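Below is one structure, written out as structure tokens; comments come after it.
Keep in mind the model is a prediction, meaning the values are calculated, not measured.
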Amino acid sequence: ILDDPDLKDIDPTVLKHCHAAAATCILEAGKQKADVSAISTCLEDCKLDKERIEQFCTEYQKNKDALEILLGSIGRSPLHITDVSWRLEYQIKNNQLHKTYQPSYLVTLNVENSDSGSHPDVRFSCTMEQLQDLVGKLKDAAKSLERATQM
């Protein structure tokens, strides 16, 4: 969006705020399963002109089914980590056959969602420094939770 030549004269901060507002409006309309009249009324209250409201509603109607499917796939509660497994991967050479000798960790988080049961595992690769940072942040979160439950 920031590279669009039609929008080059608009302050990037204002453009980001507008984008966030439009995305929020679309998501809320999808969550509420709002019809075109409800969306039109809301946008009229925001002082948008008729032409833009009609254009917005037309695009919303075209993409409404896909939006509802996407929102339905997200779920209502966060994923719950049930198990963690890891293994050390040691890269000896890269694609150009240069020696690299870079160790990394392949981490797999087994997760489930209370709404719909199990989900595909979350997998990622990280260096030792990144893994140490993650472990440190998890320890900080555990301490914060422990302090919050003692109050």
Side-chain angles (χ1 to χ4, degrees), residues 1-35 38-39 42-43 45-48 52 55-57 59-151:
I1 292 176
L2 294 174
D3 296 331
D4 190 326
D6 294 334
L7 303 173
K8 68 178 180 194
D9 296 331
I10 300 174
D11 178 22
T13 304
V14 171
L15 196 57
K16 287 179 185 179
H17 285 291
C18 291
H19 186 267
T24 301
C25 179
I26 293 166
L27 288 174
E28 284 301 316
K31 277 177 32 181
Q32 304 298 326
K33 297 188 183 223
D35 60 356
I39 296 169
C42 180
L43 294 176
D45 291 344
C46 294
K47 306 285 190 250
L48 264 67
R52 288 180 192 233
Q55 186 178 9
F56 184 89
C57 289
E59 289 299 316
Y60 178 79
Q61 275 306 113
K62 278 198 278 186
N63 297 292
K64 184 179 179 182
D65 293 337
L67 176 66
E68 288 179 0
I69 291 169
L70 178 64
L71 288 174
S73 71
I74 293 172
R76 296 188 185 274
S77 61
L79 298 176
H80 176 73
I81 298 173
T82 57
D83 194 17
V84 177
S85 59
W86 61 273
R87 67 183 173 99
L88 179 63
E89 177 182 65
Y90 202 75
Q91 183 178 0
I92 297 172
K93 292 183 180 183
N94 62 16
N95 291 344
Q96 291 79 29
L97 299 177
H98 295 103
K99 294 181 180 180
T100 57
Y101 302 113
Q102 292 179 331
S104 64
Y105 292 92
L106 299 175
V107 180
T108 302
L109 304 176
N110 301 96
V111 295
E112 68 180 26
N113 187 319
S114 60
D115 287 347
S116 60
S118 65
H119 273 264
D121 294 339
V122 176
R123 301 171 195 268
F124 60 93
S125 175
C126 59
T127 64
M128 184 183 341
E129 294 80 17
Q130 292 169 326
L131 187 58
Q132 287 172 337
D133 185 48
L134 175 63
V135 169
K137 288 179 180 177
L138 289 172
K139 286 180 181 179
D140 289 345
K143 286 178 187 174
S144 294
L145 186 61
E146 187 177 311
R147 281 192 295 263
T149 57
Q150 291 176 356
M151 292 182 167

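- The side-chain contact (heavy atoms from CB on, under 4.5 Å) test with V135 is passed by exactly one of K137, Q132, K139: K139.
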Criterion side chain to side chain contact (heavy atoms under 4.5 Å, CB included) on L134 and F124, from CA distance to verdict = CA-CA 12 Å; L134 175 63; F124 60 93; 3.9 Å; yes

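- Using a distance-only test at 3.5 Å, with no hydrogens or angles considered, no donor-acceptor pair links the side chain of Y60 to the main chain of I39.
- A salt bridge links E28 to K31: at least one charged side-chain nitrogen sits closer than 4.0 Å to a carboxylate oxygen.
- One finds the CZ atom of R123 at 10.0 Å from the CG atom of L109 (value rounded to the nearest 0.5 Å).
- Using a 4.5 Å heavy-atom cutoff, the side chains of L67 and L27 are in contact.
- Taking 4.5 Å as the limit, every side-chain heavy atom of T108 sits out of range of all side-chain heavy atoms of W86.
- Note that CG of D65 is 12.5 Å distant from CG of L70, once rounded to the nearest 0.5 Å.
- Side chains of K16 and H19 form no contact here, defined as non-hydrogen atoms less than 4.5 Å apart.
- For the pair C126 and L131, the tightest heavy-atom approach, listed with the atom from each and the gap, is SG-CB, 3.8 Å.
- More than 12 heavy atoms of other residues, nucleotides or ligands shown are found within 6.0 angstrom of CD on E68.
- Rounded to the nearest 0.5 angstrom, K64 NZ and D35 CG are separated by 7.0 Å.
- The two residues T82 and V111 have their closest heavy-atom pair at OG1-N, 4.1 Å.
- Heavy atoms from other residues, nucleotides or ligands lying under 6.0 Å from CD1 of I10 number more than 12.
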